[in-house]
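Report on one structure; see the data block that follows.
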There are 2 protein chains.
Amino acid sequence: MQKLTGEERSYYIENFQIEDFFSFNIHPYIEICKFDKGEWIFKEGSFPDTLYYMMEGKAKLYMTHKNGKVSLIEYIEAPCFMGEIELLNEARYTKGIQTVTETICLSIATQGCKDMLLADAPFLRRLCVFLGEKASKMTSKYTQNQAYPLENRLAAFIQLSSDKGIYKEKHTEICEYLGVSYRHLLYVLAQFCEANILQKKKNGYHIMDEQRLMQLAQEIQ
Amino acid sequence: MQKLTGEERSYYIENFQIEDFFSFNIHPYIEICKFDKGEWIFKEGSFPDTLYYMMEGKAKLYMTHKNGKVSLIEYIEAPCFMGEIELLNEARYTKGIQTVTETICLSIATQGCKDMLLADAPFLRRLCVFLGEKASKMTSKYTQNQAYPLENRLAAFIQLSSDKGIYKEKHTEICEYLGVSYRHLLYVLAQFCEANILQKKKNGYHIMDEQRLMQLAQEIQ
DNA sequence: TTCAAAATATGAGATATCTCACATTATTGT
DNA sequence: ACAATAATGTGAGATATCTCATATTTTGAA
């Protein structure tokens, strides 16, 4: 993680009109951070003292279950808050977040201004809206996902998680994320290759038929 | 819907320490409401001017899809907010809520105090916590539900939605809620009857083997 | 480097669930 | 009261997905 300075920093701060988020002067507490692709923003179990607002990028949210298994819960995309639940609950239970692409975040060091944040109506209102949308989004995802076979969900997922036309995720993770068996995931990937939608190469599955993939993904709508 | 008065009203107001929710005097805006079983708290498409906090009871959240089909999204249980998304977004109710049991709610007439609510940090903070938990709950429901066959999910659902040992829901609704076909729902219900877990009678399916039902439901954990 | 663990891969049979077709009851508006 | 519509119920074959067994490859730590 790298803190931006100078022009780069100014660019993001000015472009996002950060002042609108708060009724007090937030500037002493903020930084603009750049995370490399694959870098961890939060590690599980750590004690978060930072609230992030992702401005650009994409990341994965992980959770470890009681039995020790790790599963990929959700892909998150800018703009969004990260670490907001921990701020609200004084809680320990942090989930892990790892970037998928290079990611730019506004970071707020909460140790100095937590009380101000939790007493700041403009900020809280925005957080409420964010959380409300998140809940709604989860709801519709949940309702719709049960209605479609893996073929469609996987197509949508490949679109979301691929980078430069290459899909390269751990099957063991993704089958949990998509709620299917490892065997079945492999089976459907093989189907995609069979249909020349994907092509399996050393460095991952290459998307050969963007059109058809989108079509399959959009059946979910 | 019936507004409580006198002792009943005082009982709920005192027991819930409503003052802690707000930093201003909320009393001019609140009522205690009792809804009968089966009554609608919100109808879809209506213009909301009330925020509810459910103190006792259980209700169903419905949504109408673009294609006109209605589906049962979620069972909600006290304590919880209702109408909070609409308060935040100035939107009309996109979802309908119907009680399952008699339900007691604190109602807040928002026309008089919306601005105060949206500027009231203690209230917003509580709302954030509620929404955060709702999002987390949806997440875990979503993750776990995909992992279990209908047998288990239906058992859990019957426990949630039955009243006095009798399960009586519209199959056409429930199959959508549980994300399975009508045919399959009927099939698994028949299995339950076969196994003497349920017994089909004129007024609904009677739960005969609470023990076994719980066992099936708990496999989801 | 080496070895154990994790991840990848594939086959084969079992099961959960779907689709469609059709018949039989409720429910509801007029 | 009646027709139209919605809800219920059932059969049969198709498909999506699972489980288990087992082999190979990759990865990470001693």
Side-chain angles (χ1 to χ4, degrees), chain A residues 38 60 62 64-65 67-72 143-158 161 166-195 198-206 216 219-220, chain B residues 38 60 62 64-65 67-72 143-158 161 166-195 198-206 216 219-220:
Chain A
K60 294 184 276 193
Y62 287 97
T64 300
H65 295 276
N67 61 13
K69 290 227 165 162
V70 176
S71 71
L72 169 54
T143 332
Q144 294 185 333
N145 252 30
Q146 279 196 323
Y148 296 90
L150 181 61
E151 188 180 38
N152 302 106
R153 283 145 55 209
L154 181 58
F157 180 77
I158 288 172
S161 62
I166 299 178
Y167 170 80
K168 183 166 182 43
E169 300 288 331
K170 276 192 196 168
H171 301 329
T172 44
E173 237 167 46
I174 303 315
C175 65
E176 264 202 74
Y177 175 64
L178 294 173
V180 298
S181 68
Y182 180 88
R183 186 64 191 89
H184 191 56
L185 175 61
L186 271 274
Y187 178 69
V188 175
L189 278 172
Q191 265 180 240
F192 282 2
C193 291
E194 183 73 19
L198 299 180
Q199 194 167 335
K200 187 177 171 181
K201 295 190 178 170
K202 265 279 158 72
N203 60 344
Y205 290 81
H206 290 228
L216 283 169
E219 281 173 37
I220 294 183
Chain B
K60 294 185 277 193
Y62 287 97
T64 300
H65 295 276
N67 59 13
K69 290 228 168 163
V70 175
S71 72
L72 169 54
T143 333
Q144 294 185 333
N145 252 29
Q146 279 195 323
Y148 296 90
L150 181 62
E151 187 180 38
N152 302 108
R153 284 145 54 210
L154 181 58
F157 179 77
I158 288 172
S161 62
I166 299 178
Y167 170 79
K168 182 165 183 44
E169 299 287 333
K170 275 192 197 167
H171 301 330
T172 44
E173 234 166 49
I174 302 317
C175 65
E176 264 202 71
Y177 175 64
L178 294 172
V180 297
S181 67
Y182 181 88
R183 186 66 191 89
H184 191 56
L185 175 61
L186 270 274
Y187 179 69
V188 175
L189 278 171
Q191 264 180 244
F192 282 3
C193 291
E194 184 73 20
L198 299 179
Q199 193 168 335
K200 188 176 168 183
K201 295 189 180 172
K202 266 278 158 73
N203 61 342
Y205 290 80
H206 290 229
L216 284 168
E219 279 172 37
I220 294 182

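Lettering follows sequence order; numbering is per chain, from 1. Nothing here was measured: the structure is a model prediction, and the numbers come from that model. Any value given below was found using the heavy atoms of this structure, including those in side chains, with hydrogens, waters and symmetry copies removed.
Rounding to whole angstrom units, CG of residue B/Leu189 and P of D/dA7 are separated by 17 Å. Atom P of nucleotide D/dT8 and atom NZ of B/Lys202 are separated by 15 Å, given to the nearest angstrom.
Checking B/Lys200 against A/Leu185, the closest nucleotide of DNA chain D that is more toward the 5' end is the one next to B/Lys200.
Ring to ring, A/Phe192 and A/Tyr205 are not that close: their centroids are 6.0 angstrom or more apart.
Of the candidates B/Val180, B/Leu216, B/Val188, B/Val180 is the only one forming a side chain to side chain contact (heavy atoms under 4.5 Å, CB included) with B/Arg153.
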Table of protein N/O atoms under 3.5 Å from nucleotides 4-7 of chain C N/O atoms:
none

Close N/O contacts between protein and nucleotides 11-13 of chain D (under 3.5 Å):
| unit_1 | atom_1 | unit_2 | atom_2 | d |
| --- | --- | --- | --- | --- |
| D/dG11 | N7 | B/Arg183 | NE | 3.2 |
| D/dG11 | N7 | B/Arg183 | NH2 | 3.2 |
| D/dG11 | O6 | B/Arg183 | NE | 3.0 |

Scan nucleotides 14-17 of chain C against the protein and return all N/O pairs shorter than 3.5 Å with their distances rounded to 0.1 Å.
| unit_1 | atom_1 | unit_2 | atom_2 | d |
| --- | --- | --- | --- | --- |
| C/dT17 | OP1 | B/Leu150 | N | 3.3 |
| C/dT17 | OP2 | B/Leu150 | N | 3.1 |
| C/dT17 | OP2 | B/His184 | NE2 | 2.8 |
| C/dT17 | O5' | B/His184 | NE2 | 3.2 |

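With sequence neighbours excluded, no residue forms a side-chain hydrogen bond (donor to acceptor under 3.5 Å, both in side chains) with B/His171. Evaluation of the ring pair (Phe, Tyr, Trp, His ring centres under 6.0 Å) rule for B/Tyr167 yields no partner, not counting sequence neighbours.
To the nearest 0.5 Å, atoms CD1 (B/Ile158) and CD1 (B/Ile174) are separated by 10.0 Å. To the nearest 0.5 angstrom, A/Lys168 atom NZ is 13.5 Å from A/Lys201 atom NZ. The NZ atom of B/Lys170 sits 12.0 Å away from atom CD of B/Glu176, with the distance rounded to the nearest 0.5 Å. In this structure, CG in A/Leu178 is found 7.0 Å from CG in A/Leu185, a value given to the nearest 0.5 Å. Between B/Glu169 atom CD and B/Ser161 atom OG the span is 4.5 Å, to the nearest 0.5 Å.
A/Phe157 CZ: more than 12 foreign heavy atoms inside a 6.0 Å radius.
For the helix from C/dT1-D/dA30 to C/dT30-D/dA1, the angle separating the two terminal helix axes comes to 70°, with each axis derived from five pairs and the value rounded to 10°.
Here the shortest heavy-atom pairing between B/Leu154 and B/Leu189 reads CD2-CD2, 4.0 Å.
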